[in-house]
Amino acid sequence: MRLSRFLLPSLREAPREAEIVSHRLMLRAGMIRQQSAGIYSWLPLGYRVLRKIEAIVREEQNRSGAIELLMPTIQSAELWRESGRYDAYGKEMLRISDRHEREMLFGPTNEEMITDIFRSYVRSYRDLPMNLYHIQWKFRDEVRPRFGVMRSREFLMKDAYSFDLDQAGARHSYNKMFVAYLRTFARLGLKSIPMRADTGPIGGDLSHEFIILASTGESEVFCHRDYLDFDVPPADTDFESRDGLQAIVDRWTSLYAATSEMHDAGEFAGVPEPDRMSARGIEVGHIFYFGTKYSAPMGAKVTGPDGVEREVHMGSYGIGPSRLVAAIIEASHDEAGIIWPEAIAPFRAAVLNLRVGDAATDAACGDLYRGLEAAGVDTLYDDRDERPGGKFATADLIGIPWQVIVGPKGLAEGKVELKRRATGERELVTPADALRRIVG
RNA sequence: CGGAGCGUAGCGCAGCCCGGUUAGCGCACUAGUCUGGGGGACUAGGGGUCGGAGGUUCAAAUCCUCUCGCUCCGACCA
């Protein structure tokens, strides 16, 4: 992408209302635009990041055996009356009515709807286990939206729902998501720690929050320091192996880890003092097992091998990709701006033309840009007629991992400068070497 | 939902208390010249229903009333 043809409304100063670093940087980098309290447009740069995160979440869901579908944002109140949540959910649910005065709502979550889909088509235990998920916009009319997309009213959520014949099966389904989440967050460049969590209004009796540590986190968390060094399950993990998955989950839940709501000071005191860690954390995922809470009132049953109908055991599993954008920035930035992990950077590389209009520089940049694009590298070519300082500042602000700095001085010696955003390392290399290094 | 604030150009702000030229500054934007490796300089420009409505007054960004929007702290939450 040529920057001169892109929409990148970057700002030197952040708007006054933005307090936390991720919100400030997202506004300065021209990633989002607030349209209303807690409601945002995703501008081109931000949308690229959001989609890359979504893609990784999707890959890991699919790897675990979950099946993607897409449910609507607008739901009928009728479904929610079946589960009893239409009245129970309270003011956070945005209730609307259509032209026939029918009561509708903008979905804050989808347990009811997925249960309805399941009960309509699945009748036999032979079709289980099943895990259905979608990635769709949700709306929760938060009393107090804040921190940009970290706590917004409209947000993107990956929500998965598992269906099993019995509790043991449901436990395996839960473990699949547990492992998939560990892998997902690791691929996003985050160290996540699963913590025992309160189940809240969704209900149920087995739940973990996946927390990443960041000084600006919303909640206080307590855990054993060793979690930071745990190995993440590999890509070839066998998700069908009950014992194998249980062993992974057992290990990842063997040490103390709890959010403040579930914190047990007495138990924490049992952790050797140097291993105790209390920190701020951001919740990036939440998984629940809730048994027959929805299947019972809504009549989601399958026939078992013995010919008897049983209510299915369910779980639900959420990740907020839009919140993750902010969470990753909280965990990865410096004074100059965002430092994107390569996997989700809006562009993997930037080519900085320091002297637009200089024939040799233009030619070298053009070659590099075409070469990178041809090799499948998402590249942002800064071909604006700006001074070098502005280009450096922009590239650092928006966090492009690889930056190729091309100017007459270097080219006189046949060299360009290759810079890594994360470390600040730079070296003079030939354009061909630069291309080779970035393509990897 | 309790408490505290803020709305003046795309962004950051001054002006308001104490009403009175054509509403001002920095950045950004347009044109030009010089520049050219970490947000450069000069010259000339463009852009404003001062959130909205009503009121007081000879006169309102400024005073009064109502209203809309937004932010922060707390309680609550993916």
Side-chain angles (χ1 to χ4, degrees), chain A residues 7-20 23-24 27-28 30 33-39 89-93 107-111 135-160 181 197-202 207-211 218-219 259-261 282-288 316-324 326-327 335-337 352-358 361 382 384-397 403-412 415-417 419 424 426 428:
Chain A
L7 176 63
L8 182 69
S10 62
L11 302 170
R12 284 173 83 157
E13 296 175 279
R16 176 166 39 101
E17 67 269 16
E19 289 284 316
I20 65 167
H23 191 195
R24 297 176 68 82
L27 290 167
R28 286 194 53 211
R33 173 181 173 78
Q34 180 169 344
Q35 302 291 172
S36 186
I39 300 178
Y89 214 93
K91 287 189 161 183
E92 274 200 16
M93 184 150 73
T109 178
N110 284 64
E111 279 81 5
I135 301 175
Q136 177 65 290
W137 294 93
K138 303 293 187 291
F139 195 95
R140 295 184 188 175
D141 200 353
E142 292 280 345
V143 190
R144 190 183 158 205
R146 60 185 130 168
F147 305 148
V149 296
M150 189 81 84
R151 176 158 301 284
S152 50
R153 293 197 292 173
E154 186 182 60
F155 60 98
L156 190 61
M157 183 159 93
K158 183 288 298 179
D159 39 327
Y181 276 31
D198 192 6
T199 53
I202 302 216
S207 175
H208 284 89
E209 285 182 10
F210 287 74
I211 303 280
E218 280 195 277
S219 43
T259 58
S260 55
E261 307 89 71
I282 300 171
E283 179 185 349
V284 291
H286 201 158
I287 61 179
F288 301 88
S316 77
Y317 315 91
I319 290 179
S322 50
R323 167 182 285 189
L324 271 169
E335 319 73 52
L352 276 54
N353 184 334
L354 298 194
R355 191 73 62 83
V356 170
D358 175 76
T361 309
D382 192 344
R384 297 172 303 167
D385 186 14
E386 292 286 331
R387 294 176 58 87
K391 301 200 175 195
F392 295 136
T394 299
D396 285 348
L397 173 63
Q403 299 171 13
V404 192
I405 299 162
V406 185
K409 287 188 188 169
L411 286 179
K415 298 285 180 63
V416 296
E417 193 171 299
K419 175 183 164 184
R426 321 149 178 229
L428 285 171

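The chains referred to below are lettered A, B, ... by the order of the sequence lines, with proteins before strands, and numbering in each begins at 1.
Separating the P atom of B:rA4 from that of B:rU56 is a span of 31 Å, rounded to the nearest Å. Look at the P atom in both B:rG24 and B:rC50: the space between them is 14 Å, to the nearest Å. Taking atom C1' on both B:rC70 and B:rG51, the two are 10 Å apart, rounded to the nearest angstrom.
A:Glu13 contributes no side-chain N or O that forms a donor-acceptor pair with the base of B:rG10 under 3.5 Å.
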Which atoms of nucleotides 45-48 of chain B (N or O only) lie under 3.5 Å from a protein N or O atom, and what are those distances?
none

Polar pairs (N or O, both sides) under 3.5 Å between protein and nucleotides 4-6 of chain B?
{"residue": "B:rC6", "atom": "O2'", "partner": "A:Arg16", "partner atom": "NH1", "Å": "3.1"}
{"residue": "B:rC6", "atom": "O2'", "partner": "A:Arg16", "partner atom": "NH2", "Å": "3.3"}

Open item on the list: Return a single string for nucleotides 34-42 of chain B, one symbol per nucleotide in 5' to 3' order, where B is base contact, S is sugar-phosphate-only contact and - is none, cutoff 4.0 angstrom on heavy atoms.
Closed with: -BBBBBB--
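In this structure, CZ of A:Arg144 is placed 17 Å from C1' of B:rG69, rounded to the nearest angstrom. Note: CZ (A:Phe147) to C1' (B:rU71) measures 11 Å, nearest angstrom. Straight-line distance from the CG atom of A:Asn110 to the C1' atom of B:rA78: 13 Å, rounded to whole Å.
Note on A:Ser36: only backbone sugar-phosphate atoms sit closer than 4.0 angstrom, heavy atoms only; bases stay farther off. Using a 4.0 Å heavy-atom cutoff across all strands shown, A:Thr361 reaches no nucleic acid atom at all.
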